[in-house]
Amino acid sequence: MKYNKIVKAKFIERPNRFVAYCDINGKVEKVHVKNTGKCRELLVPGYEVYLEESNNPSRATKYSLIAVQRENKLINMDSQVPNKMVYEALKDKSLVLPGFDEEITLLKPEKTYGNSRFDVYIEGKTKKAFIEIKGCTLEIDGVVKFPDAKTERGVKHVRELIKAREDGYLAYIIIVIQMEDVLYFTPNIEMHKEFGDVLKEADAKGVNILAYDSIVKIDDIKLNKPVKVIL
């Protein structure tokens, strides 16, 4: 996915989930944060960040914070892009899902099943599948983890995927790691043990738990290669 009008800045502070202040060439700007997670390891005063300038003059903020330079690693933290990346990869056939060995005849974003709305729904000649996508930005010594805050909604989605699998659908959880060069993915049980437990249960009941890293540039991000999953 391509971005337009990228500006380099220094992160100053984040007073709430949606807003941050950044220094652009000596001028302090209020910017929109495109990620409501904690991101405490990324949003550190003095870190180099990248902002996308908006073309909409009526917006309350001129810029959106999309990426952070953390030591030698560029990390995209735009929570809206993982869904788009997976959707586009399925559309152009660069992503082939294990177990879905048919041509996709229907590709639909956001389809409701039970009490959840899943990110992607696909159909082939005989198979149907639901896909839930999670963006991941938390990395510690090469290990990436999700979530970085408790997610009851995430637990609910995984339970619904288990039910969909039991009802005959294929089911996938795709962890989109918004950086490159990582060792493996594992659920963040220190933050939310219930999510880790339900992920193990889902795996045991036939839900595919997949992770992919990303090639991240200051003005672009695209899905890269599979990453090992340890539950």
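Worth saying up front: this structure is predicted, and the values here are computed from it rather than measured.
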Participant: Considering residues at least two apart in sequence or located in another chain, which fulfil the salt bridge (Lys or Arg N to Asp or Glu O under 4.0 Å) criterion with R159?
Facilitator: E194, E201
Participant: Taking only residues two or more places apart in sequence or in another chain, which ones pass salt bridge (Lys or Arg N to Asp or Glu O under 4.0 Å) with D148?
Facilitator: none
Participant: Can you list everything that forms a side-chain contact (heavy atoms from CB on, under 4.5 Å) with E123? Sequence neighbours excluded, please.
Facilitator: T105, L106, Y121, K128
Participant: Suppose we screen for side-chain contact (heavy atoms from CB on, under 4.5 Å). Which residues come up paired with N56, at least two apart in sequence or across chains?
Facilitator: S54, S58, R59
Participant: Applying side chain to side chain donor-acceptor pair (under 3.5 Å) as the test, list every pair that has at least one member in residues 179-189; sequence neighbours left out.
Facilitator: none
Participant: So which pairs with a foot in residues 5-58 pass ring-ring contact (aromatic ring centres under 6.0 Å, His included), sequence neighbours left out?
Facilitator: none
Participant: Sequence neighbours left out, what pairs pass ring-ring contact (aromatic ring centres under 6.0 Å, His included) with at least one residue falling in residues 195-231?
Facilitator: F146-F195
Participant: Identify, with sequence neighbours excluded, every residue that meets side chain to side chain donor-acceptor pair (under 3.5 Å) alongside Y113.
Facilitator: D167
Participant: Restricting to side chain to side chain donor-acceptor pair (under 3.5 Å), what partner residues turn up for N55, sequence neighbours left out?
Facilitator: K5
Participant: Determine which pairs satisfy side chain to side chain donor-acceptor pair (under 3.5 Å) with at least one residue from residues 74-87, sequence neighbours left out, and list them in order.
Facilitator: Y3-N76, Y3-D78, K34-D78, N76-Q178, N83-D119
Participant: Can you list the residues that meet the side-chain contact (heavy atoms from CB on, under 4.5 Å) rule with K225, with sequence neighbours excluded?
Facilitator: D213
Participant: Quick test of your reading: applying salt bridge (Lys or Arg N to Asp or Glu O under 4.0 Å), list the pairs with at least one residue in residues 9-19, sequence neighbours left out, ordered by first then second residue.
Facilitator: none
